[in-house]
Protein chains: 2
Amino acid sequence: MRDELWLGLRVVPLEKAERADAAANRKRILRAAERLFAERGVDGVNMVDIARAARVGQGTLYRRFPSKGALCLALLDEQMRAFQNTVLDTLNAMAQDNAPWLERLQWFLDALIRFNAMHIPLLRAAQHGVERPEQFTNSAPFSWERMTVIGLLREAMRRGEISPSCDARLIGDLLLAPMHPEVFYFLHYTSGYTLEQLSAALRASVSALSRA
Amino acid sequence: MRDELWLGLRVVPLEKAERADAAANRKRILRAAERLFAERGVDGVNMVDIARAARVGQGTLYRRFPSKGALCLALLDEQMRAFQNTVLDTLNAMAQDNAPWLERLQWFLDALIRFNAMHIPLLRAAQHGVERPEQFTNSAPFSWERMTVIGLLREAMRRGEISPSCDARLIGDLLLAPMHPEVFYFLHYTSGYTLEQLSAALRASVSALSRA
DNA sequence: GCGTAAAATGGACATGTATCCGTTTAAAAG
DNA sequence: CTTTTAAACGGATACATGTCCATTTTACGC
């Protein structure tokens with residue numbers, strides 16, 4: 001687990017110690033869920049199945065992960081960590097080249113579209129499965145996306161690439177609106193836009209910011 | 001019920017006859033749900049409560065409305081009809097004044113934001129309560145919003161207000177992304193943007209289209 | 001090693017959604 | 001008015017999520 005600062009955000013909060021058996025169970029649950037989800041799809045697996053496959057009782061499962069959505073979020077978090085590393089590498093490389101901040105933002109949104117497309121079932125289950133919507137929007141994966149976009153926008157503002165009167169937070173949240181699981185599902189699967197079309201549209205939105 | 005054409009879309013599909021008792025039960029169910037939702041909130045009411053309050057069995061309730069989400073959609077549809085009438089009146093008035101199509105679009109998005117804000121609990125329950133996401137996105141209320149936005153964009157394109165190389169459908173869907181219930185909830189309640197901020201941001205997005 | 005407090009465990013249980021199916025009723029034809 | 005049949009009815013039931021709590025296990029100070 002990385003515990004670093006980036007753009008002013010602490011990416012990974014420190015955690016309290018976890019008893020050895022508890023940690024082992026956590027891992028077994030995550031691996032069992034991963035396997036079952038791959039075999040039967042997220043919706044084809046219930047919490048009892050996961051508990052049985054992980055050799056723990058339901059009470060234990062729910063102690064580790066208070067809802068199916070939370071379990072999905074934990075799996076997503078694992079996937080997101082790998083993604084974060086490659087993203088940071090590329091953004092650092094772009095920083096070497098002194099690429100415009102808006103260009104870095106465009107690349108990041110592009111990468112995010114591909115990540116979303118890969119993990120759409122898990123993302124939807126996570127959003128659907130938590131009881132309060134804040135549990136999803138405050139989760140580590142979502143917060144990180146959001147803070148990265150807003151951070152890049154703020155830098156673009158400081159460098160004069162976009163007007164200083166803009167509200168970076170609001171613009172960032174609007175750019176991310178199409179990434180919300182249900183919206184993304186609608187755009188890509190129901191409405192049928194390709195990932196390339198969506199990328200191009202978001203690139204255009206970002207470009208429009210500099211002409212405002 | 002209106003059965004008219006507008007911008008090429010048949011707003012209300014014709015329905016088959018419904019037996020008298022069935023129609024009466026449908027009305028009783030809708031009125032009971034409306035009352036209970038107002039009293040205890042959508043999440044504080046379950047389907048058994050609604051069946052009892054409407055004096056019908058659960059089987060009857062589920063025959064009329066195959067899920068809680070479908071019931072919410074039916075209630076939304078009623079609300080949306082009234083909204084549609086006022087919207088069409090205003091758009092007609094703007095047509096008299098020969099207002100630019102993008103200006104009409106901005107007004108429509110504005111109105112939509114206010115409608116969403118008024119009906120957020122029902123909208124979220126509708127989206128959450130249907131089993132397949134298409135049932136929400138294909139529903140009459142959502143389709144009408146979408147077709148209206150896309151229709152206005154197409155007219156703006158024909159009149160040269162925006163580039164003819166634009167994809168009106170894609171742009172329309174992206175403009176509507178912040179209106180999806182979960183996204184709107186996040187923007188307004190979790191993130192705290194006022195309706196005025198959201199209106200202004202969407203207006204700016206529309207304005208940016210003409211400068212592209 | 002041993003005792004103890006705190007944490008973890010697991011299965012029975014509560015709650016809510018949605019289905020099944022035997023029974024009843026509406027409405028159209030003779 | 002009677003017959004007929006498709007539709008509507010309603011409550012028992014299935015199924016999933018999430019909670020509770022009596023019991024077991026761990027880790028730590030002695």
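In what follows, chains carry the letters A, B, and so on, assigned in the order in which the sequence lines appear, proteins first and then strands, with residues in each chain numbered from 1. These figures come from a predicted structure and were not determined experimentally.
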Q: Would you check if the distance from the ring center of His180(B) to the ring center of His180(A) is below 6.0 Å?
A: no
Q: Flag the pair Trp144(B) / Phe115(B) as yes when their ring centroid distance falls below 6.0 Å, and as no otherwise.
A: no
Q | Strand contacts (DNA chain D) in residues 69-79 of chain A, 4.0 angstrom heavy-atom criterion | A | none
Q: Compare all side-chain heavy atoms of Leu153(B) with those of Trp101(B) and state whether any distance is below 4.5 angstrom.
A: no
Q.
Any heavy-atom pair between the side chains of Met80(B) and His119(B) that's under 4.5 Å?
A.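 No. Closest side-chain heavy atoms not under 4.5 Å.
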According to a strict under-4.0 Å criterion, is [X] in side-chain N/O contact with OP1 or OP2 of [N]?
X: Thr60(A); N: dG10(C); result: yes
X: Arg64(A); N: dA8(C); result: yes
X: Tyr62(A); N: dG18(D); result: yes

**Q.** Arg104(A) to Trp107(A), cation-pi by 6.0 Å centre distance and 45° axis angle
**A.**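 Pair Arg104(A)/Trp107(A) does not count as cation-pi.
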Between [Y] and [X], do the side chains contain a donor N or O and an acceptor N or O under 3.5 Å apart?
X: Ser207(A); Y: Gln106(A); value: yes
X: Ser191(A); Y: Arg146(B); value: yes
X: Tyr193(A); Y: Asp167(B); value: no

Q | Nucleotide of dG10(C), dA18(C), dG18(D) approaching Gln58(B) most closely (side-chain heavy atoms) | A |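 Nearest nucleotide to the side chain: dA18(C).
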Q) Got a salt bridge between Arg203(B) and Glu196(B), using NZ or NE/NH1/NH2 to carboxylate O under 4.0 Å? A)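 Looking at Glu196(B) together with Arg203(B), the answer is no, because their closest N to O distance does not fall below 4.0 Å.
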Q | Salt bridge flag under 4.0 Å for residues Arg81(A) and Glu78(A) | A |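 Salt bridge absent between Arg81(A) and Glu78(A).
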Atom [atom1] of [X] to atom [atom2] of [N]: distance rounded to whole Å?
X: Phe65(B); N: dA8(D); atom1: CZ; atom2: C1'; answer: 14 Å
X: Arg63(A); N: dA6(C); atom1: CZ; atom2: C1'; answer: 10 Å
X: Ile29(B); N: dG10(D); atom1: CD1; atom2: P; answer: 9 Å
X: Leu61(A); N: dG10(C); atom1: CG; atom2: C1'; answer: 11 Å

Q) Does any residue of residues 124-136 of chain B have a heavy atom under 4.0 Å from DNA chain C, and if so, which ones, in number order? A) Gly129(B)
Q.
Counting only heavy atoms and a strict 4.0 angstrom limit, can you tell me which residues of residues 32-57 of chain A come near DNA chain C?
A.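 Within this stretch, Val56(A), Gly57(A) sit under 4.0 Å of the strand.
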Q | Polar side-chain atom of Thr60(B) near backbone of Val56(B) as donor-acceptor pair, under 3.5 Å | A |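 Judged by distance alone, no pair lies under 3.5 Å.
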Q) With a non-hydrogen cut-off below 4.0 angstrom, is Arg26(B) in contact with a base, only sugar-phosphate, or nothing? A)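 Here Arg26(B) touches no strand at all.
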